[in-house]
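This is a predicted model, so every value here is computed, not measured.
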Amino acid sequence: MPSLYFKGKSAVWNHHLSVPYHTLEKDDKNSLKGKGEDENLIIHGDNLLALKSLLPKYQGKVKCIYIDPPYNTGNGGWVYNDEVNSPLIQDWVGTVVGKEGEDLTRHDKWLCMMTPRLKLLKELLSEDGVVFVSIDDNEVEYLWTLMNEIFGEENFVACVTVGSNPRGRDYGGVARMHDYLLIYKSGSKTEINDLYDPDKTFPYEDKIGGFEIRELRNRNTAFHIGNRPNLYYPFYLNPKNKDSEGFFEISLKKKRGWVEVYPKKSQGIKTVWRWGKEKSLNNLNKEIVGKVMESGDEYQIVEKYRKKTRMARSIWNDKDVNTEKGTLSLKKIFGKKIFTYPKPTEMVMRIIEMGSKHGDIVLDSFAGSGTTAHAVLSQNLKDNSDRKFILVEMEDYANKITAERVRKVIKQEKIKSGFTYYNLGPSIDADSILSGKLPTYKEFAKYVYYLATGKNHPDEKKIREKDYFSGKSGSESVYLIYKNDLKDLKDLAITLDWAEKVNKKDSGKKIVYAPACFLDNDKLEELNIQFVSIPYNLFEKR
């Protein structure tokens with residue numbers, strides 16, 4: 001597979017691993033009470049840092065990702081600000097990325113910005129997830145190759161042409177009318193949902209209603225007799241019993257004179273059925289029937305597909321994808337024009353319908369005006385679902401525009417949903433601590449909870465500084481013996497008296513972070529304590 005070279009690639013390829021963990025600080029004032037408020041999140045802060053802070057709780061749990069990153073047109077005025085440990089890249093920090101011909105590293109900077117973010121998004125994506133990225137001509141060829149490297153060329157689904165501006169932009173010799181939407185899946189478990197089509201007509205009809213036919217054979221050769229042996233079995237077809245539509249009676253029992261039908265080979269591979277025997281038995285001659293193949297000399301088993309849906313097309317050129325519609329929609333919500341080229345809600349609803357179902361998490365880490373949250377809420381109303389959204393926006397308008405749009409939509413549509421608003425907190429990692437930037441007890445307690453459990457703290461109100469209690473995860477409790485105004489180290493150690501008192505109240509496993517421990521290993525084991533040392537350097541800086 002071809003790979004993409006760009007300046008700074010070696011410095012950023014694994015940069016996401018060294019990005020420090022930051023706390024997420026709940027902002028009650030800007031949050032909105034309502035259904036799902038603890039699961040719908042709006043985060044104000046740099047999306048690279050925010051994505052890293054989401055990992056402990058959301059790694060492998062996000063079903064659908066949609067992002068609309070800067071298009072790097074040279075007119076957006078975006079600034080590269082990632083703190084990467086590279087002299088070349090440090091020289092870029094804080095500098096506005098220029099236009100084509102004026103800034104010879106403009107594409108390198110954009111790719112260096114996108115790489116660690118895409119790496120983190122991949123980690124957040126579920127094993128059956130799908131990611132959608134809007135982009136235009138400026139970076140589509142580079143992004144396509146980069147995503148092939150990160151998500152795998154075999155996981156490419158489509159490059160959709162989106163007719164975003166039917167009038168065209170009259171410059172450059174050809175008036176450009178379209179953008180692109182790159183779609184990638186996590187792997188073979190991902191299925192792209194069909195879209196609801198209320199005007200769909202069917203070529204066939206029976207007593208139940210209209211239908212079209214779909215081959216019961218799984219056409220994906222990744223599923224075969226070797227890894228799905230239970231889906232490889234014969235049907236038996238009666239060639240003398242054909243209905244008026246040309247479909248044949250079938251059975252799972254062998255009968256004299258009936259034709260045996262197995263899934264047809266593909267590329268020399270024995271493929272399998274999409275349904276197991278039990279489901280097939282319950283639907284014989286109702287939802288699955290036999291049919292002569294187009295060749296005329298073989299039979300196949302087909303499903304009567306009755307849903308009013310159709311597969312998404314690779315060209316979107318209808319009114320619902322017009323950016324002007326997005327502008328008018330936002331203007332209607334706020335009463336004035338407040339954002340440039342927002343994506344239409346209906347377009348993002350289409351993406352959400354393709355990539356998610358009831359209960360799934362939808363993430364947008366370039367949230368902008370908040371279209372994705374609006375689309376999630378609207379799609380939930382449309383198909384009676386309960387998807388959750390996570391938005392990340394770094395600009396100052398995160399509350400006044402992004403979150404305010406969500407508040408207004410919820411109020412105007414009388415939706416019962418709510419959300420929690422977070423600000424990106426300070427970094428809590430070894431480097432920052434050892435540099436003398438000592439955190440508050442609550443900040444440090446949330447960090448050690450993350451270290452011990454791999455999860456973000458569920459409720460900071462349960463942190464008890466007086467008892468040195470950080471939190472509980474399952475049967476394990478996490479403790480932190482720490483003060484950021486310490487004067488005497490001996491005051492912050494695991495002592496026999498403290499350990500026995502804690503064990504009387506909490507007999508389960510206890511992970512205790514402290515600068516010192518005055519108990520031997522046998523006593524720690526007896527009291528079910530795991531001691532984790534906090535470096536002495538932390539206090540020597542004071």
**Request:** Mind listing the closest non-hydrogen atom pair of Met347 and Val162 along with its distance?
**Result:** SD-CG1, 4.2 Å

**Message:** Before you tell me yes or no, could you show the steps for Asp194 and Lys307 under side-chain contact (heavy atoms from CB on, under 4.5 Å), namely the whole-Å CA-CA distance, both residues' side-chain angles and the distance that decides it to 0.1 Å?
**Reply:** CA-CA 10 Å; Asp194 289 346; Lys307 294 181 180 179; over 6 Å; no

**Message:** Among Asn47, Thr371, Thr372, exactly one meets side chain to side chain donor-acceptor pair (under 3.5 Å) together with Asp364. Which residue is that?
**Reply:** Thr372

**Request:** Considering only NZ, NE, NH1 and NH2 on the basic side and carboxylate oxygens on the acidic side, decide whether Glu25 and Lys446 come within less than 4.0 Å.
**Result:** yes

**Request:** Would you confirm whether Glu443, through its side chain, and Thr440, through its main-chain N or O, come within 3.5 Å as a donor-acceptor pair?
**Result:** yes

**Prompt:** For atom NZ of Lys200, is the number of surrounding heavy atoms from other residues, nucleotides or ligands below 6.0 Å larger than 12?
**Reply:** yes

**Candidate pair Val160 and Phe132, rule side-chain contact (heavy atoms from CB on, under 4.5 Å), full reasoning** = CA-CA 10 Å; Val160 176; Phe132 301 79; over 6 Å; no

**Asked** So does Asp206 pair up with Lys304, basic N to acidic O under 4.0 Å?
**Response** yes

**Item:** Pair Tyr196-Asp383, side-chain donor/acceptor within less than 3.5 Å
**Value:** no

**Prompt:** Which atom pair, heavy atoms only, marks the closest approach of Ser164 to Asp179?
**Reply:** OG-OD2, 3.1 Å

**Asked** From Thr327 OG1 over to Lys337 NZ, what is the distance, rounded to the nearest 0.5 angstrom?
**Response** 5.5 Å

**Prompt:** Do the side-chain N and O atoms of Tyr71 and Asp137 include a donor-acceptor pair separated by under 3.5 angstrom?
**Reply:** no

**Message:** Are the side chains of Lys472 and Asp506 in contact, using a 4.5 Å heavy-atom criterion?
**Reply:** yes

**Message:** Does Arg219 have more than 12 heavy atoms from other residues, nucleotides or ligands lying within 6.0 Å of its CZ?
**Reply:** no

**Item:** Asn384, CG atom: more than 12 neighbouring heavy atoms under 6.0 Å
**Value:** no

**Message:** So Asn81 and Val93, do their side chains get closer than 4.5 Å, heavy atoms only?
**Reply:** yes

**Request:** Could you tell me whether a side-chain N or O of Tyr441 sits under 3.5 Å from a main-chain N or O of Ile463, the two making a donor and an acceptor?
**Result:** no

**Message:** Are the side chains of Leu32 and Tyr421 in contact, using a 4.5 Å heavy-atom criterion?
**Reply:** no

**Message:** I'd like to know if Lys509 and Glu476 make a salt bridge, using a cut-off of under 4.0 Å between side-chain N and carboxylate O.
**Reply:** yes

**Asked** What is the ring orientation for Phe156 with Tyr184, classed by angle as parallel under 30°, tilted 30 to 60°, or perpendicular over 60°?
**Response** perpendicular

**Prompt:** Mind checking whether Asn72 and Met114 have side chains closer than 4.5 Å, heavy atoms only?
**Reply:** no

**Request:** Using the six-membered ring of Phe469, assess whether NZ or CZ of Arg464 lies under 6.0 Å from its centre and within 45 degrees of the ring axis.
**Result:** yes

**Request:** Go through the side-chain N and O atoms of Asn220 and Arg274 and say whether any donor and acceptor fall under 3.5 Å apart.
**Result:** no

**Validation row: Thr190, Ile192 side chains within 4.5 angstrom (heavy atoms)** = yes

**Asked** Would you find a donor on one side and an acceptor on the other, under 3.5 Å apart, between the side chain of Thr402 and the backbone of Gly368?
**Response** yes

**Message:** For the aromatic rings, using the six-membered ring if either is Trp, is the centroid distance between Tyr204 and Phe211 under 6.0 Å?
**Reply:** yes

**Prompt:** Do you know which two heavy atoms are closest between Asn380 and Asp386, and how far apart they sit?
**Reply:** OD1-N, 3.7 Å

**Exercise: identify the closest heavy-atom pair between Leu125 and Lys63** = CD1-O, 4.1 Å

**Message:** side-chain contact (heavy atoms from CB on, under 4.5 Å), that's the test. Do His22 and Asp46 meet it? Break it down for me.
**Reply:** CA-CA 11 Å; His22 283 66; Asp46 186 292; over 6 Å; no

**Prompt:** Are Asp82 and Arg117 close enough for a salt bridge, meaning some N to O gap below 4.0 Å?
**Reply:** yes

**Reported OH-to-CD1 distance for the pair Tyr66 and Ile183, which is rounded to 0.5 angstrom** = 11.0 Å

**Request:** Kindly check if the number of other-residue, nucleotide or ligand heavy atoms within 6.0 Å of CD (Gln412) is above 12?
**Result:** yes

**Prompt:** Where the side chain of Trp110 meets the backbone of Leu143, is there a donor-acceptor pair that is under 3.5 Å apart?
**Reply:** no

**Asked** Which heavy atom of Arg313 sits nearest a heavy atom of Trp316, and at what distance?
**Response** O-NE1, 2.8 Å

**Prompt:** If you draw the axis of the six-membered ring of Tyr80, does the NZ or CZ of Lys109 fall within 45° of it and under 6.0 Å from the ring centre?
**Reply:** no

**Request:** Could you walk me through whether Ile208 and Glu287 pass the side-chain contact (heavy atoms from CB on, under 4.5 Å) test, one step at a time?
**Result:** CA-CA 10 Å; Ile208 299 174; Glu287 301 301 337; 3.6 Å; yes

**Item:** Arg407/Glu404 salt bridge by N-O under 4.0 Å criterion
**Value:** yes

**Prompt:** Is there a donor-acceptor pair closer than 3.5 Å between any side-chain N or O of Ser134 and the backbone N or O of Asp68?
**Reply:** no

**Prompt:** Is the CD atom of Glu154 crowded by more than 12 outside heavy atoms at less than 6.0 Å?
**Reply:** yes

**Request:** Look at the rings of Phe444 and Tyr482 and say which category their plane angle falls in: under 30° parallel, 30 to 60° tilted, over 60° perpendicular.
**Result:** perpendicular

**Message:** Suppose the criterion is ring-ring contact (aromatic ring centres under 6.0 Å, His included): which pairs have a residue in residues 321-350, not counting sequence neighbours?
**Reply:** Phe339-Tyr397

**Request:** Using atom types as modelled and distance alone, determine if a side-chain donor or acceptor of Glu149 lies under 3.5 Å from a backbone N or O of Leu146.
**Result:** no

**Prompt:** Is there side-chain contact between Val321 and Asp318, with at least one heavy-atom pair below 4.5 Å?
**Reply:** yes

**Request:** Output yes when a side-chain donor or acceptor of Lys52 lies under 3.5 Å from a complementary backbone atom of His16, and no otherwise.
**Result:** yes

**Message:** Donor-acceptor check, side chain of Thr115 to backbone of Cys112, threshold 3.5 angstrom: yes or no?
**Reply:** no

**Item:** Heavy-atom donor-acceptor pair, Ser186 side chain to Ser126 backbone, under 3.5 Å
**Value:** yes

**Prompt:** Should the pair Glu346-Lys325 be classified as a salt bridge under the 4.0 Å nitrogen-to-oxygen rule?
**Reply:** yes

**Message:** Side chains of Asn155 and Lys185, heavy atoms from C-beta outward: is any pair under 4.5 Å?
**Reply:** yes

**Request:** Indicate yes or no for a side-chain donor-acceptor contact from His358 to the backbone of Arg387 under 3.5 Å, with no hydrogens or angles considered.
**Result:** no

**Request:** Would you list the pairs meeting ring-ring contact (aromatic ring centres under 6.0 Å, His included) in which at least one residue belongs to residues 363-387, sequence neighbours left out?
**Result:** none

**Request:** Examine the side chains of Lys510 and Ser477 and answer whether a donor and an acceptor come within less than 3.5 Å of each other.
**Result:** no

**Item:** Atom CD1 of Ile315: over 12 foreign heavy atoms under 6.0 Å
**Value:** no

**Note: Arg176-Asp136 ion pair, threshold 4.0 Å (strictly below)** = yes

**Asked** Shortest non-hydrogen contact from Cys159 to Tyr180?
**Response** SG-CD2, 3.7 Å

**Asked** Are Phe223 and Leu231 side-chain neighbours, meaning at least one heavy-atom pair lies under 4.5 Å?
**Response** no

